[in-house]
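Here is the structure we will look at, set down as structure tokens.
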Amino acid sequence: MTTIPLTKRGAEKLKEELQRLKTKDRPAVIAAIAEARSHGDLSENAEYDAAKDRQGFIEGRIKEVEGKLAAAQIIDPSALDAGGKVVFGATVELEDEDSGDQVTYQIVGEDEADLKHGLINISSPIARALIGKEEGDTAEVQAPGGVKHYEVIGVKYI
């Protein structure tokens with residue numbers, strides 16, 4: 001079984017989602033199914049069908065989250081000592097060599113990626129281009145709009 005890299009924050013978010021699914025969503029959908037059953041004929045009961053579909057989704061998501069947590073390799077970025085290299089969990093400050101724009105990204109797992117918050121997926125083109133780089137190095141990224149060049153300005157493990 002392959003491991004799934006997750007930061008501590010990402011693992012906590014998955015645990016919180018699992019807790020919510022089991023303690024709130026699952027009981028709510030069971031109550032909705034019971035309510036719909038009380039209305040009589042199930043063959044033409046849209047509420048019952050919708051509740052059963054929702055139950056299937058919730059149970060599938062519970063299994064998916066449990067599987068991810070079981071296969072997770074939880075990495076604490078603050079405990080890393082990668083000698084200034086860009087690795088999973090590192091926070092990287094970059095400068096676009098063409099425009100001069102500066103951005104900061106943290107390289108995280110698939111489930112926790114959120115570009116609006118500066119969290120990029122480890123398997124994204126920019127993250128793959130950055131892995132192994134150090135401060136002062138230039139990363140060449142094949143972007144949809146063409147090749148971009150980013151200079152690594154800083155690497156932090158926070």
Side-chain angles (χ1 to χ4, degrees), residues 1-29 32 49-158:
M1 188 160 151
T2 61
T3 60
I4 299 170
L6 281 174
T7 63
K8 274 178 73 174
R9 181 182 60 239
E12 287 304 315
K13 283 177 72 177
L14 280 179
K15 287 176 186 173
E16 288 169 11
E17 179 185 2
L18 184 61
Q19 182 71 13
R20 179 184 47 79
L21 287 167
K22 286 182 169 182
T23 61
K24 291 189 177 128
D25 295 354
R26 183 188 267 168
V29 79
D49 291 339
K52 288 299 279 182
D53 287 346
R54 178 92 177 117
Q55 182 183 35
F57 171 78
I58 289 170
E59 294 301 325
R61 183 64 184 155
I62 288 172
K63 281 189 182 5
E64 181 182 357
V65 172
E66 286 175 338
K68 286 179 181 183
L69 286 171
Q73 177 185 3
I74 300 172
I75 297 167
D76 182 0
S78 62
L80 291 175
D81 181 20
K85 289 193 181 298
V86 177
V87 294
F88 179 87
T91 301
V92 187
E93 192 175 335
L94 305 170
E95 181 176 318
D96 186 327
E97 291 186 343
D98 297 331
S99 68
D101 293 341
Q102 290 191 355
V103 291
T104 303
Y105 295 125
Q106 181 180 18
I107 300 173
V108 297
E110 177 184 342
D111 288 304
E112 46 191 324
D114 184 355
L115 193 56
K116 290 178 185 157
H117 293 101
L119 304 172
I120 58 172
N121 185 347
I122 183 72
S123 60
S124 69
I126 191 164
R128 288 194 313 244
L130 290 171
I131 295 293
K133 301 281 192 251
E134 296 178 332
E135 199 171 308
D137 288 351
T138 299
E140 188 176 290
V141 180
Q142 186 66 45
V147 177
K148 293 238 185 210
H149 297 276
Y150 292 99
E151 181 182 347
V152 179
I153 297 189
V155 180
K156 296 182 222 143
Y157 309 105
I158 50 175

Is the closest side-chain heavy-atom distance between V103 and D96 below 4.5 Å?
no
Atom of I158, atom of P77 and distance for their closest heavy-atom approach
O-CB, 3.2 Å
Enter the distance from L14:CG to Q19:CD here, rounded to the nearest 0.5 Å.
13.0 Å
Please answer whether the main-chain N or O of G84 pairs with a side-chain N or O of Y157 as donor and acceptor at a distance below 3.5 Å.
yes
So, taking the atom named CD1 in I107 and the one named CD in E112, what distance separates them when rounded to the nearest 0.5 Å?
12.0 Å
Shortest non-hydrogen separation from P5 to I75 and the atoms involved
CB-CD1, 4.4 Å
Considering only heavy atoms from C-beta outward, does the side chain of R9 approach that of L119 to under 4.5 Å?
yes
Which pair of non-hydrogen atoms, one from E95 and one from G100, has the smallest distance, and what is that distance?
CG-O, 3.8 Å
Does the side-chain contact (heavy atoms from CB on, under 4.5 Å) test come out yes or no for Y150 and I126, once each step is laid out?
CA-CA 9 Å; Y150 292 99; I126 191 164; 3.8 Å; yes
Evaluate the side-chain proximity of F88 to T7: yes if any heavy-atom separation is below 4.5 Å, no if none is.
yes
Backbone of G89 reached by a side-chain donor or acceptor of Q106 within 3.5 Å:
yes
Just wondering, do D25 and R54 contact through their side chains at under 4.5 Å, heavy atoms?
yes
Which heavy atom in A139 sits nearest to a heavy atom in A129, and how many Å separate them?
CB-O, 3.8 Å
How close do E134 and V152 get, heavy atom to heavy atom, and via which atoms?
O-CB, 3.5 Å
Stepwise side-chain contact (heavy atoms from CB on, under 4.5 Å) check, I131 with I122
CA-CA 9 Å; I131 295 293; I122 183 72; 3.7 Å; yes
Does the pair E97/K148 count as a salt bridge with the N-to-O cut at 4.0 Å?
no
Donor-acceptor contact below 3.5 Å, side chain R26 vs main chain L21
no
Is the shortest distance from a Lys or Arg side-chain nitrogen in K68 or E64 to a carboxylate oxygen in the other one below 4.0 Å?
yes
Looking at OG1 of T3 and CD1 of I74, how far apart are the two atoms once the value is rounded to the nearest 0.5 Å?
11.5 Å
